[in-house]
Amino acid sequence: MPPFDARHPELLDYRSEFPLLAASVYLNTCSLGARSERSRRRLESFLADWDGLGARAWYRRWLGELDGLRDDFGSIVGVPGDEISLAPNVSTALAVIASALDPIHRGDRASLDRLTAAGIAAGSEPRMRVVTTALDFPTIGHQWLARAPLGVELVVVPSADGLTVEPDALAEAIDERTALVALGQVFFTTGALNDTAALARICHERGALLLVDAYQATGIVPTDLVGGAIDIYVSGTLKWLFGGPGTAFMRVRPELREALIPTTTGWFSSARQFAFAIDELELAPDGRRYELGTPSVPSAAIARGGAELVREIGVERLGERTRDLGQLLIGLADDAGLEVRGVRDASRRGGIVPIAVADPKPVVDALADDGIIVDFRPGIVRCSPAFYNTEDEVRLLIDRLAAHVRPEDRAVS
Ligand SMILES: Cc1ncc(COP(=O)(O)O)c(C=O)c1O
């Protein structure tokens with residue numbers, strides 16, 4: 001390939017903040033982003049507050065830290081922090097939303113009318129269906145498969161090319177029986193970026209809601225939720241937010257809050273949480289109405305370290321460098337005779353570059369023996385350089401990959 005320089009080499013100054021980068025050639029951020037020293041410092045101050053303040057830490061520090069985390073996420077996706085709902089993982093956030101959709105599946109008239117009043121012309125008939133795609137992360141489908149005994153039907157739209165699902169294919173599956181369309185902003189195996197604006201238009205024309213699982217996008221795909229039409233946005237900190245396990249978040253469009261009333265709930269969703277009244281529940285007017293119980297404050301501390309970095313660098317720059325390194329990887333893979341089994345066009349990709357390998361596990365193990373960390377899914381080695389990776393690391397990966405993959409294992413149908 002012709003000489004290629006990934007933009008923003010100045011970001012390599014951040015490498016020293018990530019101990020993992022000294023220990024390995026780490027090209028697996030789409031599974032788990034590396035941990036920064038900021039996260040360690042924040043975790044240490046959480047522990048010091050616990051030791052120094054005991055339960056007083058809740059009021060003096062921790063509730064403020066949780067507000068700070070909501071503000072961090074809000075600023076990354078372009079909304080005020082009070083629109084954010086914290087959750088321990090995406091599955092929990094989805095379960096809360098699924099509970100709010102139950103009356104819509106049943107055709108409860110008052111619930112359908114509230115949706116219509118909020119601008120989603122849901123009509124007056126039951127909407128038993130949830131539409132997703134064959135390329136989505138399993139937990140999205142599982143929420144609604146689990147509701148099959150209640151009559152909820154999950155429609156899984158196949159991918160024609162194994163890489164993407166075009167809006168037209170989804171449009172065919174969305175009709176007056178559809179309550180929700182739920183899919184990834186970036187697909188977790190192929191790295192394809194979906195056109196959520198086009199999908200929102202299709203959903204809303206047909207009286208359905210759009211839920212976007214942005215786990216593989218937040219932090220590298222600039223997102224302005226205020227200007228956009230995504231109804232429900234869920235994401236988490238494991239990957240491109242460099243915030244580790246234990247923290248996820250959701251943003252429901254404020255116009256929909258009165259229409260989406262959760263029945264899976266907890267005392268953190270109460271408008272008067274510290275009144276401790278067992279016989280009344282008025283849901284918080286803001287994003288907290290979708291929260292449950294005591295959050296994992298140590299996870300929040302770790303997550304704030306990653307979020308601080310993302311805010312400092314900016315999603316634009318992070319996305320540009322990530323995609324540039326991906327383009328380098330694609331070009332080098334082509335030169336080496338490896339098959340890229342993902343989207344090639346930088347404007348339609350997130351941060352994942354899948355390389356076709358018939359039996360990927362032994363290859364990933366051999367790379368780990370070389371000190372190179374990537375992962376695998378069926379039929380692919382999944383590579384994901386991030387802003388902190390060097391071009392030389394990407395070159396080394398392709399050199400070693402070409403050495404480990406036998407020619408007959410290089411393409412899968
Ligand atoms: C697209 C996507 N959604 C969701 C998840 C995780 O879901 P949860 O937070 O429920 O574990 C992941 C990865 O772990 C993912 O890649």
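Read the numbers this way: they start at 1 and go in the same order the structure lists the ligands and their atoms. Since the structure is predicted, the reported quantities are computational estimates derived from the model, not experimental observations.
By the 30° and 60° cut-offs, the orientation of the rings of W58 relative to W62 is perpendicular.
Among protein residues, N89, V90, S91, F137, F188, D213, Y215, Q216, L238, K239 come within 4.0 Å of ligand 1, judged on heavy atoms.
Rounding to the nearest 0.5 Å places CD1 of I398 at 10.0 Å from CD1 of I330. In this structure, CG in L27 is found 5.5 Å from CG in L397, a value given to the nearest 0.5 Å. Here H404 contributes atom NE2 and D399 contributes atom CG; the two are 10.5 Å apart, rounded to the nearest 0.5 Å. One finds the CZ atom of R35 at 10.5 Å from the CD atom of E17 (value rounded to the nearest 0.5 Å).
Considering W240, F18, Y26, Y14 in turn, F18 is the only one that fulfils the ring pair (Phe, Tyr, Trp, His ring centres under 6.0 Å) rule with Y388.
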